[in-house]
2 protein chains.
Amino acid sequence: MNAPRIESTLVSVDVLTLRFDAEAHTVLLAIAPRAFDPFAGEPALPGVLLGKGERLRDAAHRAVTTKLGLPEVTATGQLATFDEPSRDPRGPTLSIALWATLDPAASASGPTWTRLSDVPALAFDHNRIVTDCRPILADKLWRDPTFTAGLLGREFTTAHALDVTEALTGDRPYPANLGRTMDRVPGLERTTQHAAALPQGGRPPLVWRWTTP
Amino acid sequence: MNAPRIESTLVSVDVLTLRFDAEAHTVLLAIAPRAFDPFAGEPALPGVLLGKGERLRDAAHRAVTTKLGLPEVTATGQLATFDEPSRDPRGPTLSIALWATLDPAASASGPTWTRLSDVPALAFDHNRIVTDCRPILADKLWRDPTFTAGLLGREFTTAHALDVTEALTGDRPYPANLGRTMDRVPGLERTTQHAAALPQGGRPPLVWRWTTP
DNA sequence: GCAAAAGTGTTTCAGGTACACCCATGG
DNA sequence: CCATGGGTGTACCTGAAACACTTTTGC
């Protein structure tokens, strides 16, 4: 051991946990009240301190499991790092933001779910994290297959895809154009199946499926 | 203090230090032999352990100053985080990769300078860091004004811009098309000045300047 | 004047956007 | 058969790529 010994900054992993809610036609973000000081009782993103030798994705799983009480995470990925020294009143802490997606079919009771465009005041600098990461999430849709598949699940309809796109980018594309966008996504195939018709009528949407699960 | 006490992973900041060399018509990366074990004597990216409360950009400055012996850094920015636990034989260490640019006019003696497409075998996982970050760097050119201005300096010619673009993206655009690209970069203006003519003849290139330094 | 290199204008093409029209379902 | 909403085909428009041609220098 020849390198100088330096007391290192603590590293926390904060997770933007996303779930597609088909009934609400939107993507929801999970938040939970903090159990401890500082900011005890205030809503916050789930976060844990990164353990020695722990991988970022394992820490993200741990945050979702212990802070939100959700058992399953379908996929995770990096977003950005926040290094403001005053972001935690306890002392300087590095925050690495990750995204995590949940199976849209699984139950999701436990955390509070909020629209991305309607996030309440959160603890620490978590509102800044959400604001800064939102365009990164929008950019990943249809370009990062892991993220897109995690959010929409193995099978989904054009109507679902329209809802997710509107929730992340802010505007709803024409169904025809979105279909052509999806035709160009590698690993995604248009099936011949149609979903069940909607309660209010209308043509049943096409089903899409990932070829490489 | 109510949060559980966890021994945290060490965080190192590894820097891709870039300099535009007008004579060599390319962008060069700085590497220096390691002073200590492990990998003593082998070339590596300059890196330091992040101190408690230290900002990432300050750590990057420190790495460039102490490991490369260069006094001035014009700009820095984040690239990506590497969390492979076995990347450092001493134990698990998180590596946050940053870019740093140097004034192309300043002297740059001290480190070894290498072409991005011709990087020798480096210590740790540094070759992987360079490989993974190269497309990110190419993407930042002409889209991240801080990066672009840091690399090319306050004033530069179309010929310089052609060289930098070729070095980062791999192919040399038509001068006419690159000029139109630069016309769309905010904060960059086409002047009426022409640079001194080149030794081998040819029309003197236009000078471009940043309006917001 | 010739070679070299940059700048101008124009053509071409691909991608994305918009929209008119058709199809399938519920009431 | 009408309202609703997804699907097909197509027109249009913008932005990038390619290239012929002109301009400005050194030799």
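To find a chain, count down the sequence lines: A is the first, B the second, and so on, and within it residues start at 1. Here the structure is a predicted model, which means the values were calculated and not measured.
When rounded to the nearest whole Å, the span between NE2 of B:H194 and C1' of D:dG26 equals 17 Å. Across the protein-nucleic acid pair, B:W142 atom CH2 and D:dA16 atom C1' stand 16 Å apart, rounded to whole Å. One atom, CG of A:D163, and another, C1' of D:dG6, lie 13 Å apart when rounded to the nearest Å. Going from atom OH of A:Y174 over to atom C1' of D:dG5 covers 15 Å, rounded to whole Å. The interatomic distance linking A:D183 (CG) with D:dG7 (P) rounds to 11 Å, in whole Å. Regarding B:L178, its CG atom lies at a distance of 13 Å from the C1' atom of D:dA17, rounded to whole Å. Rounded to an integer number of Å, the gap from B:R172 CZ to D:dA18 P is 15 Å. For the pair B:N177 CG and D:dG15 C1', the interatomic distance rounds to 11 Å; values are reported in whole Å.
Among pairs with a residue in residues 178-189 of chain A, those fulfilling side-chain hydrogen bond (donor to acceptor under 3.5 Å, both in side chains) read A:N177-A:R180, A:D183-A:R190, at least two apart in sequence or across chains.
Ring geometry for B:W142 versus B:F156: interplanar angle of 30 to 60°, hence tilted.
Checked against C:dG7, D:dG6, D:dT8, the side chain of B:T158 finds its nearest nucleotide in C:dG7. The side chain of B:L162 lies closest to C:dA6, out of C:dG9, D:dG7, C:dA6. Nearest nucleotide to the A:P204 side chain, out of C:dT8, C:dA24, C:dT10: C:dA24.
With hydrogens and angles ignored, a donor-acceptor pair closer than 3.5 Å exists between the side chain of A:R180 and the base of D:dG9. Counting atom types as modelled, A:R203 pairs no side-chain N or O with a base atom of C:dT25 as donor and acceptor under 3.5 Å.
Between A:T181 and the phosphate of C:dG16, there is no side-chain N or O to OP1/OP2 separation shorter than 4.0 Å.
Positionally, the nearest nucleotide of DNA chain C for B:G202 lies more toward the 5' end than for the other of B:V207 and B:G202.
At most 12 non-hydrogen atoms from other residues, nucleotides or ligands lie less than 6.0 angstrom from CZ of B:R115.
Annotation: the span from A:L49 atom CG to B:T9 atom OG1 amounts to 10.5 Å, rounded to 0.5 Å.
Counting heavy atoms from C-beta outward, A:R87 and A:T93 have side chains that approach closer than 4.5 Å.
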